Amino acid sequence: QVQLVESGGGLVQAGGALRRSCAASGRSFSSNSMGWFRQAPGKEREFVAAISRSATSTSYADSVKGRFTISRDNAENTVYLQMNSLKPEDTAVYYCAVGPRSGLWSAESRYSYWGQGTQVTVST
């Protein structure tokens with residue numbers, strides 16, 4: 001059993017920044033890759049970023065590349081998503097998820113445990 005607890009969402013103006021955190025418990029955090037996804041109103045959930053278990057590799061959706069940074073602290077069992085230069089189209093519920101032991105994946109089906117999701121709203 002894995003529990004993921006997210007924090008750091010909220011309301012920010014366009015051009016601003018937010019840092020999302022996702023704390024994991026219940027298993028060896030460092031054994032798996034981690035990912036962030038988001039779901040905007042009326043849209044399907046989409047991949048945002050992923051990080052390997054050792055943090056040596058990362059992957060990003062084209063829409064956030066250069067603005068968002070995924071990182072992790074295995075000693076703290078936490079994965080982060082630093083979001084800079086936010087745009088109104090970044091408004092969504094953001095989810096963290098536990099991925100496979102190897103590789104970086106954008107498909108939801110590769111992820112086994114999900115956080116509760118937290119709203120991020122970017123105003124104009």
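Just so it is clear, the model here is predicted, and its values are computed rather than measured.
Proximity of Val2 to Leu4: side-chain heavy atoms (C-beta onward) are separated by under 4.5 Å at one or more points. In this structure the side chain of Glu6 reaches within 4.5 angstrom of the side chain of Gln116, judged on heavy atoms. The side-chain heavy atoms of Leu18 and Val120, taken from C-beta on, include a pair separated by under 4.5 Å. You'll find the side chain of Val93 stays beyond 4.5 Å of the side chain of Thr118, heavy atoms only. Between Arg20 and Trp36, some side-chain heavy-atom pair lies under the 4.5 Å cut-off. Between Phe68 and Leu81 there is a side-chain heavy-atom pair separated by less than 4.5 Å.
Around the NZ atom of Lys65, the shell of radius 6.0 Å holds more than 12 heavy atoms that belong to other residues, nucleotides or ligands. Heavy-atom neighbours of Gln3 CD from other residues, nucleotides or ligands within 6.0 Å: at or below the threshold of 12.
Annotation: the span from Ile51 atom CD1 to Ser57 atom OG amounts to 9.0 Å, rounded to 0.5 Å. Between the OH atom in Tyr80 and the CG atom in Asp73 there is a gap of 5.0 Å [rounded to 0.5 Å]. Between the CE atom in Met34 and the OG1 atom in Thr58 there is a gap of 14.5 Å [rounded to 0.5 Å]. In this structure, OG on Ser123 lies 5.0 Å from CD on Gln13, to the nearest 0.5 angstrom.
Counted by atom type alone, Thr78 and Arg72 present zero donor-acceptor pairs between their side chains at under 3.5 Å. Side-chain polar atoms of Glu89 and Thr91 form no donor-acceptor pair below 3.5 angstrom.
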Chi angles and distances behind the side-chain contact (heavy atoms from CB on, under 4.5 Å) call for Val79, Ile70: CA-CA 7 Å; Val79 62; Ile70 187 171; 4.0 Å; yes

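Side-chain atoms of Arg53 never come within 3.5 Å of backbone atoms of Ser33 as a donor-acceptor pair (strictly under, hydrogens ignored).
The minimum heavy-atom distance linking Ala50 with Tyr111 is given by the pair CB-OH, 3.6 Å.
Aromatic rings of Trp114 and Phe37 (six-membered ring for Trp) have centroids within the 6.0 Å cut-off, being under it. Checked against the 6.0 Å centroid criterion, the rings of Phe47 and Tyr60 do not qualify as a close aromatic pair.
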Donor-acceptor pairs are to be reported for all side-chain atoms of residues 94-109 against protein atoms at under 3.5 Å, with residues two or more places apart or in another chain.
residue, atom, partner, partner atom, Å
Tyr94, OH, Arg38, NH1, 2.9
Tyr94, OH, Asp90, O, 2.6
Trp105, NE1, Ser102, O, 3.1
Glu108, OE1, Arg45, NE, 3.2
Glu108, OE1, Arg45, NH2, 3.0

